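To keep things clear, I will list the structure first and then write my remarks on it.
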Amino acid sequence: MLIGIPKEIYEGENRVALTPESAAKIQKLGHSLAVESGAGLAAGFSDQLYADAGVEVKDSADALWSAADVVAKVRPPQADELGRLDGSKTLISFFYPAQSEAELETARVSGARVIAMDMVPRISRAQKMDALSSMANVAGYRAVVEAGNNFGRFFTGQVTAAGKIPPAKVLVIGAGVAGLAAIGTATSLGAITYAFDVRPEVAEQIESMGAEFVFLEFDGESQDGAATGGYAAPSSPEFREKQLEKFRELAPDIDIVITTALIPGRDAPKLWLADMVAAMKPGSVVVDLAAERGGNCDLTQADQKVVSDNGVTIVGYTDFPSRMAAQSSTLYANNIFHMLSDLTPEKDGAINHNMEDDVIRGATVTFDGDITFPPPPPKIKAIAAQPVAKEPEKTPEQIRAAEMAAERRKGLTQFGLLAVGGIGLLALGSVSPPAFLQHFVVFALACFVGFQVIWNVSHALHTPLMAVTNAISGIIIIGALLQVSSDLPVVMILSAISILIATINIVGGFMVTRRMLAMFQKS
């Protein structure tokens with residue numbers, strides 16, 4: 001199949017859906033590639049770089065669209081681009097079908113297959129194709145850079161001969177991909193960073209990045225975005241009031257506010273109101289990443305930078321990823337490659353648009369003359385384990401009864417062992433000579449007493465290896481002590497030597513252990 005990459009015609013768009021690096025990987029899938037002349041210039045990729053990577057360079061958009069079997073682009077298609085589609089073509093791009101009903105109908109009538117990169121389901125297997133996250137990551141980073149460009153001080157605090165500089169205080173509202181990227185950038189620049197999100201489960205992520213999570217004193221039901229595919233759910237009126245109350249409390253002390261709150265298919269919620277802007281210090285900055293959907297700030301104007309009456313700068317740019325075109329194009333081109341990789345499972349250059357695949361089906365918005373948006377929820381293949389029923393807590397009387405029963409069982413076990421041992425000794429004594437029985441009793445006492453004496457020492461005072469070695473040495477000492485009073489000189493001498501050697505071994509073991517423990521103690 002011929003994969004075509006046209007030049008973006010949206011005003012101010014600098015990104016491109018193919019880079020020379022990703023071209024080499026797509027060609028390994030068996031596809032050939034063509035790019036419109038000048039498509040990558042704004043992102044720093046010349047036509048010559050594409051030609052060197054084996055990509056055919058087409059002179060015009062007409063030549064590219066007529067030749068391509070699959071067209072991959074960044075921005076949603078414009079009216080004239082939709083007019084170039086037909087039943088033999090597949091389009092891969094951002095599309096936003098929930099807000100583009102007319103465009104969706106035009107694509108259906110054309111018979112083309114349209115894959116919306118913004119509709120890739122947020123499941124683990126599809127993370128490599130999640131273009132929304134890729135672009136949000138760039139936007140979050142760039143938002144902090146733009147804030148620094150409009151902020152009149154350092155992010156980090158300094159103590160210099162010329163005076164003390166306090167660190168900037170940054171508040172990030174919304175801890176999705178863009179918010180976490182902004183948090184990471186702000187903290188790495190040395191700012192004191194606060195973050196808020198209606199999903200309490202992200203608090204741990206925020207704190208792990210060095211920021212402080214802003215909690216609300218809220219008695220209602222906790223907010224949970226898990227049921228909405230990882231996005232934040234709309235808040236209740238009570239929760240919203242507490243939220244705005246907290247923001248008004250923070251506003252006078254915050255230098256930079258970065259808002260990222262968006263709910264799919266809805267206008268951006270208003271979270272940073274005009275009175276909060278009025279409470280901020282002159283020279284403060286608000287960067288609104290939701291400007292394209294109306295903005296989270298009352299004073300945001302899309303694609304504009306405005307200054308409030310009290311000197312606060314509100315940045316409402318909607319093209320943050322495009323302002324870092326080379327990086328954004330690289331990430332997006334990788335997303336396109338992974339999508340084509342799933343569409344080409346045999347790596348034979350043949351597109352297999354498998355509508356049984358959760359990822360491909362979820363991203364497909366039109367297919368062979370039908371509108372397939374909205375997609376069904378992804379099939380869950382894992383079988384949830386049956387929850388284990390918790391046993392009711394025992395009463396103190398039941399606990400005492402259980403402990404007494406355990407003690408009785410333990411006593412019966414010990415009594416049984418002693419009885420068996422006694423019977424065994426009686427049987428052995430009845431058939432053994434007196435000399436053997438005397439030595440056997442010494443051996444048994446040595447094993448029992450010697451092992452218990454050493455083994456009952458706290459394990460913190462010796463390693464497991466030393467414990468076993470010292471227990472054996474204890475057995476030897478006890479046995480030698482019982483034999484040292486023998487009438488035979490040879491037995492006395494051997495017993496004394498045994499006591500000496502075993503004592504050296506035990507003392508040496510404790511000395512080695514003490515040195516090992518000293519390695520873990522502060523002097």
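Remember, predicted model here, so these are calculated numbers, not experimental data. Sequential numbering from 1 along the given sequence is applied to the chain's residues.
- Residues satisfying the side-chain contact (heavy atoms from CB on, under 4.5 Å) test with Ser329, not counting sequence neighbours, are Arg15, Val16, Thr19, Ala43, Phe45.
- At a threshold of 4.0 Å, the pair Arg240-Glu238 does not count as salt-bridged, since none of the basic side-chain nitrogens sits closer than that to a carboxylate oxygen.
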- Derivation of the salt bridge (Lys or Arg N to Asp or Glu O under 4.0 Å) call for Asp342 and Arg125: CA-CA 11 Å; Asp342 272 28; Arg125 185 169 66 86; 3.6 Å; yes

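- Asp69 has no carboxylate O lying under 4.0 Å from a charged side-chain N of Lys89, or vice versa, which leaves the two without a salt bridge.
- For Pro121 against Ala363, the heavy-atom pair with the smallest separation is CD-N, 4.5 Å.
- The number of heavy-atom neighbours closer than 6.0 Å to CG of Asp309, taken from other residues, nucleotides and ligands shown, is 12 or below.
- Ionic pairing of Arg361 and Asp357 is not present here: no N-O contact between side-chain nitrogen and carboxylate oxygen is shorter than 4.0 angstrom.
- Panel note: side chain Lys270, backbone Gly294; a donor-acceptor pair is recorded below 3.5 Å.
- What you find for Val315 and Val285 is that their closest heavy atoms are CG2-CG1, 4.4 Å.
- The shortest side-chain heavy-atom distance between Leu340 and Ile336 falls under the 4.5 Å cut-off.
- Considering only heavy atoms from C-beta on, Met280 comes within 4.5 Å of Val286 through its side chain.
- Although no hydrogens or angles enter the test, the distance criterion places no donor-acceptor pair under 3.5 Å between the side chain of Ser322 and the main chain of Asp319.
- Using a 4.5 Å heavy-atom threshold, the side chains of Asp118 and Pro97 count as touching.
- Listed here is the closest heavy atom pair of Ser328 and Pro321: OG-O, 2.6 Å.
- One finds the OG atom of Ser284 at 8.0 Å from the CD1 atom of Ile256 (value rounded to the nearest 0.5 Å).
- Here the closest non-hydrogen pair linking Leu289 and Ala139 is CD2-O, 3.9 Å.
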Which pairs of donor and acceptor atoms, one on a side chain in residues 158-177, lie under 3.5 Å apart (sequence neighbours left out)?
unit_1, atom_1, unit_2, atom_2, d
Thr160, OG1, Ala162, N, 3.2
Thr160, OG1, Gly163, N, 3.3
Thr160, OG1, Gly163, O, 2.9

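- Remark: Glu292 pairs with no residue by the side chain to side chain donor-acceptor pair (under 3.5 Å) rule, at least two apart or across chains.
- Although no hydrogens or angles enter the test, the distance criterion places no donor-acceptor pair under 3.5 Å between the side chain of Asp348 and the main chain of Thr344.
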- Message: Test salt bridge (Lys or Arg N to Asp or Glu O under 4.0 Å) on Arg248 and Glu245; report intermediate values, then the result.
- Response: CA-CA 5 Å; Arg248 289 189 179 96; Glu245 180 183 335; over 6 Å; no

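- Screening residues 341-372 for ring-ring contact (aromatic ring centres under 6.0 Å, His included), with sequence neighbours left out, gives His353-Phe367.
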- Item | From CA spacing to verdict: side chain to side chain contact (heavy atoms under 4.5 Å, CB included), Tyr141, Gln327 | CA-CA 11 Å; Tyr141 175 88; Gln327 183 66 77; over 6 Å; no

If you look only at distance, which donor and acceptor atoms sit under 3.5 Å apart when one is on a side chain in residues 149-157 and the other is two or more places apart or in another chain?
unit_1, atom_1, unit_2, atom_2, d
Asn150, OD1, Lys305, NZ, 2.9
Asn150, ND2, Glu146, O, 2.8

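- Residue pairs meeting the salt bridge (charged side-chain N to carboxylate O under 4.0 Å, His left out) criterion with at least one member in residues 22-43, sequence neighbours excluded, do not occur.
- For residues 93-115, the salt bridge (charged side-chain N to carboxylate O under 4.0 Å, His left out) pairs, not counting sequence neighbours, are Glu105-Arg108, Arg113-Asp368.
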Mind listing the side-chain donor-acceptor pairs of residues 47-54 below 3.5 Å, one per line with the distance, residues two or more places apart or on another chain?
unit_1, atom_1, unit_2, atom_2, d
Asp47, OD1, Gly38, N, 3.0
Asp47, OD2, Ser37, OG, 2.7
Asp47, OD2, Gly38, N, 3.4
Gln48, NE2, Asp52, OD1, 2.8
Tyr50, OH, Leu18, O, 2.5

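- At least one side-chain heavy atom of Leu216 sits under 4.5 Å from a side-chain heavy atom of Gln243.
- A donor-acceptor pair is defined here as one N or O able to donate and one able to accept, closer than 3.5 Å; such a pair exists between the side chain of Ser60 and the backbone of Ala63.
- Rounding to the nearest 0.5 Å gives a distance of 12.0 Å between OG1 of Thr318 and CZ of Arg293.
- Between the CG atom of Asp59 and the CG atom of Asp62 there is a distance of 11.5 Å, given to the nearest 0.5 Å.
- Screening residues 283-337 for ring-ring contact (aromatic ring centres under 6.0 Å, His included) gives Phe94-Tyr332 as the qualifying pairs, with residues at least two apart or on separate chains.
- A salt bridge is defined here as a Lys NZ or Arg NE, NH1 or NH2 lying under 4.0 Å from an Asp or Glu carboxylate O, and Glu81 with Arg84 fails to meet this definition.
- Taking the side chain as every heavy atom from C-beta outward, Leu343 and Ile115 approach each other to under 4.5 Å.
- Scanning both residues, Ile5 and Ala17, for their nearest heavy atoms gives CG2-N, 4.2 Å.
- The side chain to side chain donor-acceptor pair (under 3.5 Å) check on Asp86 picks up Ser88, with sequence neighbours excluded.
- Trp272 has its side chain out of reach of Asp288: every pair of non-hydrogen atoms, C-beta onward, lies at least 4.5 Å apart.
- Taking the six-membered ring for Trp and thresholds of 30 and 60 degrees, Phe213 and Phe196 have nearly parallel ring planes, at less than 30 degrees apart.
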- Task: Please test Glu13 against Arg75 for salt bridge (Lys or Arg N to Asp or Glu O under 4.0 Å), starting from the C-alpha separation and ending with a verdict.
- Result: CA-CA 8 Å; Glu13 182 56 68; Arg75 285 278 182 173; 2.7 Å; yes

- Query: Passes side chain to side chain contact (heavy atoms under 4.5 Å, CB included), Ser308 versus Ile314? Steps please.
  - Reply: CA-CA 8 Å; Ser308 67; Ile314 298 96; 4.2 Å; yes

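- Met119 is not listed as a side-chain neighbour of Phe95, based on a closest heavy-atom distance of 4.5 Å or more.
- Annotation: side chain of Lys347 is not in contact with side chain of His31 (no heavy-atom distance under 4.5 Å).
- In the displayed structure, Phe247 atom CZ is contacted under 6.0 Å by more than 12 heavy atoms of other residues, nucleotides or ligands.
- Around CD of Glu21, the count of heavy atoms belonging to other residues, nucleotides or ligands within 6.0 Å does not exceed 12.
- Asp298 contributes no side-chain N or O that, together with a main-chain N or O of Leu273, makes up a donor-acceptor pair within less than 3.5 Å.
- Using a distance-only test at 3.5 Å, with no hydrogens or angles considered, a donor-acceptor pair links the side chain of Asn335 to the main chain of Lys128.
- With sequence neighbours excluded, no residue forms a side chain to side chain donor-acceptor pair (under 3.5 Å) with Asn352.
- Here Lys281 pairs with Asp255 under the side chain to side chain donor-acceptor pair (under 3.5 Å) rule; sequence neighbours left out.
- At least one donor-acceptor pair under 3.5 Å links the side chain of Thr372 to the backbone N or O of Thr364.
- A donor-acceptor contact closer than 3.5 angstrom links the side chains of Asp130 and Ser133.
- Summarising the geometry of Asn296 relative to Ala290, their closest heavy-atom pair is OD1-CB, 3.4 Å, with the distance given to 0.1 Å.
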